[in-house]
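Being a predicted model, the structure only gives us computed values, none of them experimental. Just follow the structure's listing: the first ligand is 1, and inside any ligand the first atom is 1.
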Amino acid sequence: MEILSNYPLKNLNTFGIAACAKEYVSVTSVEELKLVLKENQGKKLFILGGGSNMLLTQDIDALVIHINLKGIEVVAENNGTAQVKAMAGENWHGFVQYCINHNYGGVENLSLIPGNVGTTPIQNIGAYGTEIKDTMIQCEALHIATQELRTFTNAECEFAYRESIFKSELKGQYIIVSVTFDLTIANHKINTAYGDITAQLAAKGITSPTIKDVSEAVTAIRQSKLPDPKELGNSGSFFKNPIIPKAQYEALHEKFPDMPHYVVSETQVKVPAGWLIEQSGFKGSRFGNAGVHARQALVIVNYGNATGQELVNLSKKIQQTVFENYGIAIEAEVNIV
Ligand code: EPU
C-alpha cells in the first residue's frame, strides 16, 4: 500500500476526463483502509469507487482513496432466500452475474449498471422497476473520523429515489465497505412490468422468463440505448427525473398532452428528463467535444477530449432551456467535482 503523487485518473472515471490526483492510494482490505484513514487524519480525502457517477472538472487536490475491497460470500441461507454479502470494490455487474449464475434472484433488473457495489446504496441505484432498496438488507460502513465500523439497516439508509442518508445527513462521513442482499433461491419474483422488458422478451418468444432471461433482456435494452463508457465517455443518466407537484403536471399536460409521466404519490408526479431534453432539441446534438447521446437524451457524452467544464457548460445550457420551456428545474444526478 503505497501513496503515489500526481496520479492520473483518466482510466478511473467513466467520463474519461484527464484529471490528476494530488495523492492516490489503492486499498484492498478494511484493515488497510483503517490504517490509511488513521495515518492521514486532517488531510483532504476523496473516496473513489467505480468512478461512474462523477464528473471531474479539475485536478483533485486531495488524497484519493481507491476502494478495491473484493469478495462475495453467502452469509446465510434460510426460508428460500440467501443473504449474499459483496465487498464495496466488486464491480456491480460482475456481482449481478454472480447472482444469475448461482440462481439468486432480485438484482437481475439492475444488470449492466456501471460502477461498484459500494456506491450502489449511496444513490439507491435503480432501473427497470427495481431499486437497490428492494433487496439490500444492510451495509457496513467505516466512519472516517473514528475508523469505527457501523452497520446500517435498510431503514437506516433512508432510501428514496436516487437518494440515501449517505448523500444527505451523513454525506462525506462514511465509507461503505460491504453490502448484503437478501436474494431469492426459488420462487423468484420476476418483474417484467417495465414496458421495454416485456417487449424484449416477447420478441424472443419467452413467455415465462427466468432471472437469466430478464438479465439478458435488460442488458440488451441498455446496450441499445446507453453508450458503453469504454467507447464513449459517459456516466449514464446525467440528470434525475424531476418530481413535480401534480397541479404543475396537469397544467403542463394541457399544453403538452404527449408528456409521459409516472404517478409518485397523490400530490406528486415524476416526468422523464430524457423527454424534456429531447423535446428541447438536444438529443444527438454536439457542442465541440461534448454532446447529448443520440439514443437517450438523459446521457451526456464525451466525444474525446472534453474537459469536465465543457460537459458542465452543456449540462447548464440544457437545464436552462428545459426551465425556459417547461418551468421545470432538472437536477444533476452525477456528482460534479
Ligand atoms: N424519453 C424520451 N427521450 C429520450 C429518453 C427518454 O422521450 O431521449 C422518454 C421515453 O420515451 C420514456 C421515458 O422518457 O417515455 C422514460 O425513458 P427510459 O425508459 O429510457 O428511462 P429514463 O427515465 O430516461 C431511468 C433511469 C435509468 C434507467 C431507466 C430504465 C433515472 C435518472 N434514470 O431513465 O438509469 O436505466 O430509467 O429503468 O432515473 C442511470 O441512472 O444511469 C440510468 C441509466
Side-chain angles (χ1 to χ4, degrees), residues 13-15 49-55 92-93 96 107-116 119-134 159-164 167 191-200 214-215 217-229 232-244 249 252-253 256-264 268-285 291-301 315 318-319 321-322 325-326 328-335:
N13 71 96
T14 59
F15 263 120
S52 64
N53 204 42
M54 64 180 199
L55 175 54
W92 171 256
H93 184 62
V96 172
V107 287
E108 56 281 357
N109 290 42
L110 303 175
S111 295
L112 214 65
I113 292 186
N116 288 352
T119 35
T120 59
I122 299 178
Q123 62 152 349
N124 181 25
I125 61 162
Y128 305 102
T130 304
E131 289 178 322
I132 206 77
K133 74 162 172 46
D134 302 330
F159 289 126
Y161 169 62
R162 296 293 199 273
E163 289 294 340
S164 76
K167 273 180 86 174
N191 176 2
T192 57
Y194 196 90
D196 287 1
I197 300 187
T198 317
Q200 183 75 25
V214 174
S215 173
V218 168
T219 299
I221 298 167
R222 288 188 75 93
Q223 282 171 338
S224 73
K225 286 190 181 175
L226 300 167
D228 180 348
L232 197 57
N234 77 91
S235 100
S237 301
F238 193 93
F239 300 101
K240 288 197 267 190
N241 287 330
I243 295 173
I244 60 172
Y249 166 73
L252 284 166
H253 181 72
F256 308 104
D258 296 337
M259 177 187 266
H261 72 286
Y262 317 99
V263 174
V264 173
Q268 289 182 310
V269 172
K270 187 149 82 178
V271 176
W275 187 88
L276 299 170
I277 298 167
E278 178 172 351
Q279 299 303 312
S280 298
F282 284 103
K283 195 171 186 172
S285 63
V292 175
H293 191 50
R295 279 174 277 139
Q296 163 56 288
L298 205 45
V299 179
I300 291 186
V301 297
S315 77
I318 294 171
Q319 282 170 318
T321 311
V322 166
N325 292 348
Y326 300 95
I328 298 177
I330 54 171
E331 237 181 83
E333 182 197 86
V334 169
N335 295 314

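- Residue Y128 has at least one N or O atom closer than 3.5 Å to an N or O atom of ligand 1.
- Counting heavy atoms under 4.0 Å from ligand 1, residue F239 touches it through the backbone alone.
- Among I277, N234, I318, L55, the one residue that satisfies the side-chain contact (heavy atoms from CB on, under 4.5 Å) test with I300 is I318.
- At a heavy-atom distance under 4.0 Å, no atom of R295 approaches ligand 1.
- Between E163 and K240, at least one side-chain nitrogen of the basic residue sits less than 4.0 Å from a carboxylate oxygen of the acidic one, meeting the salt-bridge criterion.
- Contact atoms of ligand 1 toward K283: 3 (N), 4 (C), 8 (O) (distance under 4.0 Å to a heavy atom of the residue).
- Within the 4.0 Å heavy-atom criterion, the part of P260 lying near ligand 1 is the side chain and not the backbone.
- Counting heavy atoms closer than 4.0 Å to ligand 1, residue Q279 contributes nothing at all.
- Listed by number with element, the atoms of ligand 1 under 4.0 Å from a non-hydrogen atom of Y262 are 13 (C), 16 (C).
- When non-hydrogen atoms are compared, ligand 1 lies under 4.0 Å from the backbone of Q296 as well as from its side chain.
- Atoms of ligand 1 lying under 4.0 Å from any heavy atom of Y161, numbered from 1 in the order shown and given with element: 31 (C), 32 (C), 39 (O).
- At a distance under 4.0 Å, no protein heavy atom can be found next to atom 10 (C) of ligand 1.
- Remark: ligand 1 atoms within the under-4.0 Å shell around heavy atoms of N241 are 23 (O), 31 (C), 32 (C), 39 (O).
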